[in-house]
Amino acid sequence: MRALVLAGILSMAGCLGEGGAVNVRWRIAERETGRVDDPRYDSDAAGVCCQYFESNRLCTTLGWHITRVQLLFTDPTTGAALADPPAGLDAPCGNRELTTPFALPSGNFDILLRAYDPVTNATQAQSPLPEQRSIRRSEIVNLDIVELSVSIYPKP
């Protein structure tokens, strides 16, 4: 029996991967009004978060849009970006939460949540300041809820 339990624990440890992971949840904060939007309710079927919807619940072209969110990791002393970042550091805005794979290297990092358009790579919003955290193998760093700041007015 102990051998089965030990085998189960060891097999689970192998599924974790070789690094650490990060979990983050986000909301959208409108700068001009202070209104806070929840991606669960402010996204369309494609996972795009937006300010205005058409009658078929698809985002209009008016107001703010957030297509995807992405975690960015930099060295807090040099500002250098994480070399060779692993896959799984981004998600549709409508997901409202992201847990990365256990593939992040151990160390101290400034972590920033950025909203972007994958077609143009243009930044649509980002967290106000990076959070400095220490990542360790087989551990999850929890960033709690990060507010993505957007402007409610469409850009010309």
statement: Nearest heavy-atom approach of Trp26 to Leu98 is CZ3-N, 3.6 Å

field: Shortest non-hydrogen contact from Pro76 toward Asn108
entry: CD-O, 3.3 Å

- prompt: Do Thr100 side-chain atoms and Val22 backbone N/O form a donor-acceptor pair below 3.5 Å?
  reply: yes

message: Can you tell me how far apart CD (Gln126) and CD (Gln70) are? Round to the nearest 0.5 Å.
response: 11.0 Å

- request: Pick out which of Ile111, Leu112, Asp110 makes a side chain to side chain contact (heavy atoms under 4.5 Å, CB included) with Thr74.
  value: Asp110

- request: Please report the closest heavy-atom contact between Ala87 and Pro101, naming both atoms and the distance.
  value: O-CG, 3.4 Å

- request: For the pair Arg27 and Asp37, find out whether any cationic side-chain nitrogen is under 4.0 Å from an anionic carboxylate oxygen.
  value: no

- request: Would you indicate whether the side-chain heavy atoms of Asn121 and Tyr116 approach each other to under 4.5 Å?
  value: yes

query: Can a donor-acceptor pair be found between the side chains of Arg31 and Ser149 at a distance below 3.5 Å?
result: yes

- request: Please check if the side chain of Arg133 supplies one atom and the backbone of Asn142 the other of a donor-acceptor pair under 3.5 Å.
  value: yes

- request: Heavy atoms only: give me the nearest Cys49-Gly94 pair and the separation to one decimal.
  value: SG-N, 3.6 Å

message: What I'd like to find out is whether the side chain of Thr61 reaches to under 4.5 Å of the side chain of Tyr52, using heavy atoms alone.
response: no

query: Taking side chain as C-beta onward, heavy atoms only, is Leu62 less than 4.5 Å from Gln51?
result: no

message: Give me the atom names and distance for the closest heavy-atom approach of Ile66 to Gln124.
response: CA-OE1, 3.3 Å

query: Where is the tightest heavy-atom contact between Trp64 and Glu30, given as atom of each residue plus distance?
result: NE1-OE2, 3.0 Å

query: Would you say the side chain of Val141 lies within less than 4.5 Å of the side chain of Glu131, judging by non-hydrogen atoms?
result: no

query: To the nearest 0.5 Å, how far apart are CG in Asn95 and CG in Asp90?
result: 10.0 Å

field: Within-4.5 Å side-chain heavy-atom neighbours: Pro86 and Leu104
entry: yes

